Amino acid sequence: MKERLQTLKDEALNQVKTVTDQQALQDIRVHYLGKKGQITEVLKGMGKLSKEERPVIGQLANEVRDVITEAIEEKKSKLEEEAIEKQLQEETVDVTLPGKPTQVGGSHLLMNVIRDIEDLFTSMGYQVAEGPEVETDYYNFEALNLPKGHPARDMQDSFYITEELLMRTHTSPVQARTMNKHEGKGPVKIICPGKVYRRDTDDATHSHQFTQIEGLYVDENVRMSDLKGTLNALAKHLFGEEREIRLRPSFFPFTEPSVEMDISCKVCSGKGCSVCKKTGWIEILGAGLVHPNVLEMAGFDPEKYSGFAFGMGPERIAMLKYGIEDIRHFYTNDVRFLKQFHRV
Ligand code: 2NL
């Protein structure tokens, strides 16, 4: 039995020495030390030994078991270390390799125009206000002096969702909502950019979805001259100090009086060309003094308060500024178009 143990020990240590993978090492452990393993079998056979032999063989068997266990543990950590080392070698990254080129995005031209206008107005003390794109009939029309039956409310011109809900056709409802929140107390000084919707067939100059930016200033003693000075600052900010403005009488249901602003044509300096249709002037926006009905419906006393409002299309401004001839370029998002207007 002594010899048997000695042989088992030599055999096991030899196998542990030569083994190269962790599964095979585990098999060796089971073969010698497992429940039905070789050493275990020897220990089970001890019953047949004499009283004198039993402790001697027992001690030897324990020693052999401990030696094998230790050898296996040692080998196990060695194999694990080797496996990690191998993985590190295989997964080495060459940090000196050139990177893959990536496309860097940028903000959309319309966003740049809107931000530019916002920056000018916030510098003059205006707040930027936003509101829902799905609007109630009340805020989109009624509150803006467009009562039921008004031709501008034609079903054919708007995207209705229900009788009472529609996609807003302008950003004016944001202004009406903001005035309401002020509960009849001025000043209200806001600029409202956002998407608007009209039932149009898309072509080079029309889109069923486009953007608008409107401004509103309500306070005591707000006059036409305040509007003119503000619009003059806007025109020069957008198109250059050398541009002149002129106001022509116009009509909007929500303003009285109403005007349209033209800027002097940069292309021909007023001599007349195809851009200004030989007039020397280019129409930029509509504006006016807020209609007393609109002030009253929003909770402001028209005897005490007055205000001006204006509205413009960022698409039109960008088209004039950069010579863009088709409004659809703004929405089809061809990177060759977009890239030309990325700011650095
Ligand atoms: C245009 C003209 C305009 C307004 C918008 C407005 C809003 C309120 C009260 C009064 Cl809450 N007016 N907005 C006024 C005049 C003109 O837009 O041609 N837009 C592209």
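It should be emphasised that the depicted structure is a prediction, and the values quoted were computed from it without experimental measurement. Numbers here are sequence positions counted from 1.
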Do [X] and [Y] have side-chain heavy atoms sitting under 4.5 Å apart?
X	Y	answer
Pro314	Pro193	no
Arg199	Asp157	no
Lys321	Phe239	yes
Asp137	Glu164	yes
Tyr32	Ile72	no
Gln15	Lys75	no
Met312	Leu234	yes
Tyr138	Met297	yes

- Cut-off 3.5 Å, side chains only: do Glu315 and Tyr331 have a donor facing an acceptor? yes
- Would Asp203 and His206 count as having a side-chain donor-acceptor pair, cut-off 3.5 Å? yes
Just how far is it from atom [atom1] of [X] to atom [atom2] of [Y], taken to the nearest 0.5 Å?
X	Y	atom1	atom2	value
Asp10	Leu5	CG	CG	11.0 Å
Glu325	Thr205	CD	OG1	12.0 Å
His108	Phe341	NE2	CZ	9.5 Å
His291	Phe254	NE2	CZ	11.0 Å
Lys44	Lys36	NZ	NZ	8.0 Å
Ile317	Asp116	CD1	CG	9.5 Å

Indicate the atoms forming the closest heavy-atom contact of [X] with [Y], along with that distance.
X	Y	result
Tyr139	Pro173	O-CB, 3.4 Å
Leu25	Leu79	CD2-CD1, 4.1 Å
Ala204	Arg328	N-NH2, 3.6 Å
Leu109	Ala318	CD2-CB, 4.1 Å
Ile68	Lys9	CD1-CA, 4.3 Å

Mark yes or no for whether [X], through its side chain, and [Y], through its backbone, hold a donor-acceptor pair below 3.5 Å.
X	Y	answer
Thr92	Leu88	yes
Gln26	Gln22	no
Arg168	Gly131	yes
Asp301	Gly184	no
Tyr217	Val222	no

- If you measure from the Lys or Arg side-chain nitrogens to the Asp or Glu carboxylate oxygens, is any gap between Asp219 and Lys189 under 4.0 Å? no
- Decide, yes or no, whether a salt bridge links Lys76 with Glu80 under the criterion of side-chain N to carboxylate O below 4.0 Å. yes
Review item, side-chain donor-acceptor pairs of residues 118-125, under 3.5 Å, at least two apart:
unit_1	atom_1	unit_2	atom_2	d
Glu118	OE1	Arg115	NH1	3.2
Glu118	OE2	Arg115	NH1	3.4
Thr122	OG1	Glu118	O	3.0
Thr122	OG1	Asp119	O	3.2
Ser123	OG	Leu120	O	2.6

Apply salt bridge (Lys or Arg N to Asp or Glu O under 4.0 Å) to [X] and list each qualifying residue two or more places apart in sequence or on a separate chain.
X	value
Glu214	none
Arg248	Glu260, Asp262, Glu283
Glu133	none

- Message: Run the side-chain contact (heavy atoms from CB on, under 4.5 Å) test on Ser158 and Phe141 for me, step by step, so that the C-alpha distance in whole Å, both residues' side-chain angles and the decisive distance to 0.1 Å come before the verdict.
- Response: CA-CA 11 Å; Ser158 316; Phe141 292 129; 3.9 Å; yes
For atom [atom1] of [X], is the number of surrounding heavy atoms from other residues, nucleotides or ligands below 6.0 Å larger than 12?
X	atom1	result
Glu220	CD	yes
Glu70	CD	no
Lys236	NZ	yes
Gln127	CD	no
Glu130	CD	no

Applying side-chain contact (heavy atoms from CB on, under 4.5 Å) between [X] and each of [options], report the one that passes.
X	options	value
Leu33	Ile39, Ile28, Thr40	Ile39
Ile190	Leu216, Val128, Val218	Leu216
Asn140	Val134, Leu146, Leu166	Leu166

- Evaluate side-chain contact (heavy atoms from CB on, under 4.5 Å) for Ile213 paired with Thr171, printing each intermediate quantity in order. CA-CA 7 Å; Ile213 185 158; Thr171 50; over 6 Å; no
- side chain to side chain contact (heavy atoms under 4.5 Å, CB included) involving Ala287 - partner list, sequence neighbours excluded: Leu227, Leu231, Val259, Leu285, Phe310
- same_hphob_cluster(Phe337, Ile327) at 4.5 Å side-chain heavy-atom cutoff: yes
- Query: After noting the C-alpha distance and the side-chain angles of Arg4 and Glu11, does the key distance pass the salt bridge (Lys or Arg N to Asp or Glu O under 4.0 Å) rule?
  - Reply: CA-CA 10 Å; Arg4 172 86 183 119; Glu11 217 180 84; 5.3 Å; no
- Message: Here's a test for you: under side-chain hydrogen bond (donor to acceptor under 3.5 Å, both in side chains), which of Thr201, Asp202, Asp200 qualifies with His208?
- Response: Asp202
- Message: Pair Lys78, Glu81 - check salt bridge (Lys or Arg N to Asp or Glu O under 4.0 Å), show working.
- Response: CA-CA 5 Å; Lys78 201 170 153 226; Glu81 253 170 57; over 6 Å; no
- Item | Ile263 and Ile245: CA distance, side-chain angles, deciding distance, side-chain contact (heavy atoms from CB on, under 4.5 Å) verdict | CA-CA 4 Å; Ile263 56 158; Ile245 67 158; 4.1 Å; yes
- Determine, step by step, whether Leu144 and Phe252 satisfy the side-chain contact (heavy atoms from CB on, under 4.5 Å) criterion, reporting the C-alpha distance in whole Å, the side-chain angles of both residues, the deciding distance to 0.1 Å, and the verdict. CA-CA 10 Å; Leu144 294 157; Phe252 300 107; over 6 Å; no
Donor-acceptor pairs are to be reported for all side-chain atoms of residues 46-59 against protein atoms at under 3.5 Å, with residues two or more places apart or in another chain.
unit_1	atom_1	unit_2	atom_2	d
Ser50	OG	Glu53	N	3.3
Arg54	NH2	Leu49	O	3.3

